[in-house]
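The structure appears right after this line, and notes come after that.
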Amino acid sequence: MPINYAIKKVKNPNGIEGTQYFHGQAIKTGELTLDKLARRINNSTTVTQTDCRAVLLSMKDHIIEALTEGQVVVLDDLGRFQVTLQGKCYSQDTMAASDFAPSSMIKGHKIVFRPDAALKKAVAADFSLKRISSEAMA
């Protein structure tokens, strides 16, 4: 099944003033919720939907625990989750490392998912595109 996309007009802060910039943006066709995922697993295995849901929710709790402990969570053949920090950069000329104040220099965090090579390869094998009307971008 192809990935739907539309053309979106964007501003390029480094671009030439008065120049229009466009890029393709993937348009979602729906969502796969935890319940739907559990139902799909139930339909393709001998595991019940309730057991699937319980395992997936427990996995989420363990991922949270590991990330808050600073661990990288590696899900073989799927990918890895990791916490990264967002903040200000400073040069050696303006501040010594010992003067680094996390409360003012670190502004937040993100949870990053890096897909495994096998997952990327599987998606790439079936990858195709279908342009839809740009009016869908409203």
Side-chain angles (χ1 to χ4, degrees):
M1 185 163 197
I3 306 270
N4 291 333
Y5 76 97
I7 306 301
K8 181 178 179 185
K9 188 186 322 182
V10 294
K11 291 183 180 179
N12 182 346
N14 299 322
I16 302 167
E17 194 165 325
T19 302
Q20 300 267 347
Y21 293 92
F22 301 90
H23 75 90
Q25 181 174 18
I27 305 297
K28 73 177 184 177
T29 58
E31 294 179 345
L32 178 61
T33 64
L34 187 69
D35 285 335
K36 289 178 187 175
L37 182 58
R39 195 174 317 120
R40 284 184 180 187
I41 293 170
N42 168 243
N43 290 336
S44 64
T45 67
T46 59
V47 181
T48 69
Q49 183 176 341
T50 304
D51 288 342
C52 290
R53 186 169 166 69
V55 168
L56 292 170
L57 288 173
S58 180
M59 185 173 92
K60 179 193 83 165
D61 292 340
H62 288 285
I63 289 172
I64 291 168
E65 182 181 342
L67 291 174
T68 57
E69 292 173 353
Q71 297 178 25
V72 174
V73 178
V74 180
L75 304 175
D76 297 335
D77 297 330
L78 191 59
R80 52 183 61 222
F81 291 93
Q82 180 176 350
V83 173
T84 62
L85 301 177
Q86 299 170 301
K88 296 180 181 179
C89 291
Y90 65 94
S91 69
Q92 285 180 288
D93 300 338
T94 59
M95 184 188 332
S98 59
D99 295 332
F100 186 87
S103 61
S104 63
M105 299 300 285
I106 297 175
K107 297 297 181 191
H109 70 281
K110 285 185 179 181
I111 299 172
V112 177
F113 174 74
R114 293 192 180 106
D116 185 78
L119 180 62
K120 286 183 191 179
K121 188 182 251 186
V123 171
D126 292 332
F127 186 79
S128 63
L129 293 168
K130 177 183 174 188
R131 183 174 175 176
I132 62 170
S133 171
S134 293
E135 287 86 41
M137 297 301 298

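Quantities reported herein were computed from a predicted structural model and do not represent experimental measurements. Along the sequence shown, residues are numbered consecutively beginning with 1.
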Return the minimal non-hydrogen interatomic distance between [X] and [Y], and the atom names on each side.
X	Y	answer
Gln86	Lys110	NE2-CE, 2.8 Å
Gln49	Asp35	NE2-O, 3.8 Å
Asn4	Thr29	ND2-CG2, 3.2 Å
Ile63	Val73	CG1-CG1, 3.9 Å
Val47	Cys52	CG1-SG, 3.6 Å

Before you tell me yes or no, could you show the steps for Leu56 and Lys60 under side-chain contact (heavy atoms from CB on, under 4.5 Å), namely the whole-Å CA-CA distance, both residues' side-chain angles and the distance that decides it to 0.1 Å? CA-CA 6 Å; Leu56 292 170; Lys60 179 193 83 165; over 6 Å; no
Are [Y] and [X] connected into the same hydrophobic cluster when the rule is that any two of I, L, V, M, F, W, Y join if their side-chain heavy atoms are below 4.5 Å apart?
X	Y	value
Phe22	Ile3	yes
Phe113	Ile111	yes
Leu75	Val112	no
Ile41	Leu34	yes
Leu78	Leu67	yes

Is it true that a side-chain atom of Asn42 and a backbone atom of Ala38 form a donor plus acceptor pair closer than 3.5 Å?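 A pair under 3.5 Å: no.
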About how many Å separate CZ of Arg53 and CZ of Arg39, when rounded to the nearest 0.5 Å? 10.5 Å
Interatomic spacing from CZ in Arg114 to CG in Leu119 - rounded to 0.5 Å: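 Between atom CZ of Arg114 and atom CG of Leu119 there are 14.5 Å.
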Is there a side-chain contact (heavy atoms from CB on, under 4.5 Å) between Leu32 and Arg40? Walk through the geometry before answering. CA-CA 10 Å; Leu32 178 61; Arg40 284 184 180 187; 3.8 Å; yes
More than 12 foreign heavy atoms under 6.0 Å from NZ of Lys107: is that the case here? yes
